[in-house]
Amino acid sequence: MIREISLENALGWFAKLPKDRQIATLSPAYVCADVTRCENSHPLFVLYTDQRGFWMHGMHWTPIADCERRFDIQSPYGYGGPVSNCDDLSFRSDAWSCYKEWCRARGAVVEFVRLHPLAHWQNYTGVIVPDRQTVFIDLENENIRERYEIRCRTAVRKAERSGLIVRLYPTDSIVSDFAKFYRNGMARIGASPFHLFNDEYFKAFALLNGAHLLVCEREGVWLSAGLFLSG
């Protein structure tokens with residue numbers, strides 16, 4: 001049986017996953033933080049369990065304009081999709097069958113999910129279309145820079161000679177400084193209003209466990225900055 005669960009309940013189930021499956025953007029907390037940039041969406045969590053294990057899916061649930069009691073489903077920015085502690089194929093099939101029936105009963109018309117490229121266990125049985133290649137770097141490697149292409153190593157050395165440094169800023173700066181820096185950057189490249197995330201989004205992000213603000217600067221002037229999640 002599949003059922004809708006609260007955020008608190010979803011966080012409890014997420015904590016039961018093996019550590020390597022507790023990916024930051026798959027966390028229920030991230031699903032809720034990211035939805036603050038969406039005007040008409042709200043977070044929703046469903047859970048399937050039996051004696052073999054559990055399957056949980058966190059999503060953004062959005063009413064479709066001019067379609068009464070019809071909705072679409074989307075994963076948060078970055079990577080989303082189901083999580084599970086069971087790799088049994090029959091379990092995945094049973095969970096998916098129940099999920100499809102739940103979607104029909106709830107009025108879901110379509111779902112769009114960005115699956116994590118390294119989460120081979122994501123248990124998504126819908127239509128999967130490869131979108132792009134993704135690069136990952138093993139941070140446990142002692143000489144990460146040696147694995148860069150020559151032109152990248154040259155660029156890093158040039159930046160260091162020019163006095164550029166990278167600093168970790170307190171999370172308070174995500175709201176007070178980064179939000180404005182980000183929106184100014186989006187305006188300069190002519191990004192659509194959709195990408196001009198509101199302050200509530202940055203406040204929610206700053207409260208996430210494992211959220212970090214890294215800034216590349218020279219003599220205190222921000223040249224680039226980014227938000228990172230560790231997990």
- Worked verdict on Phe54 versus Trp13 for ring-ring contact (aromatic ring centres under 6.0 Å, His included): CA-CA 8 Å; Phe54 72 88; Trp13 284 101; 5.0 Å; yes

- Message: Testing the basics here: between Phe197 and Tyr77, what is the closest heavy-atom pair and its distance to 0.1 Å?
- Response: CZ-CE2, 3.6 Å

- Item | Side-chain donor or acceptor of Ser41 paired with backbone N/O of Cys38 under 3.5 Å | no

- Message: Does this structure show an ion pair linking Asp172 with Lys203, if we count only N-O contacts that are shorter than 4.0 Å?
- Response: no

- Message: Using side chain to side chain contact (heavy atoms under 4.5 Å, CB included), reason through Ile165 and Glu217 one step at a time and then give a plain yes or no.
- Response: CA-CA 6 Å; Ile165 61 171; Glu217 59 183 37; 3.9 Å; yes

- Which pairs with one or both residues in residues 121-147 pass salt bridge (charged side-chain N to carboxylate O under 4.0 Å, His left out), sequence neighbours excluded? Arg145-Glu160

- Is it true that Arg183 and Asp177 have a side-chain N and a carboxylate O under 4.0 angstrom from each other? no

- Message: A cation-pi test, strictly: NZ or CZ of Arg167 under 6.0 Å from the centre of the six-membered ring of Tyr169 and no more than 45 degrees from its axis. Yes or no?
- Response: yes

- Item | Polar contact flag, side-chain donor to acceptor under 3.5 angstrom, Arg52-Ser90 | yes

- Query: Checking salt bridge (Lys or Arg N to Asp or Glu O under 4.0 Å) for the pair Asp87/Arg21: CA distance, chi angles, key distance, verdict?
  - Reply: CA-CA 12 Å; Asp87 291 330; Arg21 301 191 180 194; 2.9 Å; yes

- Task: Give a yes or no on whether the backbone of Ser176 and the side-chain of Ser173 come within a donor-acceptor separation of less than 3.5 Å.
- Result: no

- Evaluation steps, side chain to side chain donor-acceptor pair (under 3.5 Å), between Trp102 and Glu4: CA-CA 10 Å; Trp102 174 85; Glu4 297 176 27; 3.3 Å; yes

- So, the side chain of His116 versus the backbone of Ile23: is there a donor-acceptor pair under 3.5 Å, distance only? no

- Could you tell me whether a side-chain N or O of Thr62 sits under 3.5 Å from a main-chain N or O of Asn40, the two making a donor and an acceptor? no

- Task: Kindly determine whether His57 and Tyr99 satisfy ring-ring contact (aromatic ring centres under 6.0 Å, His included), including the steps that lead there.
- Result: CA-CA 9 Å; His57 193 12; Tyr99 177 61; 5.3 Å; yes

- Hey, could you give me each pair passing salt bridge (charged side-chain N to carboxylate O under 4.0 Å, His left out) that has a residue in residues 25-35? Not counting sequence neighbours. Asp34-Arg37

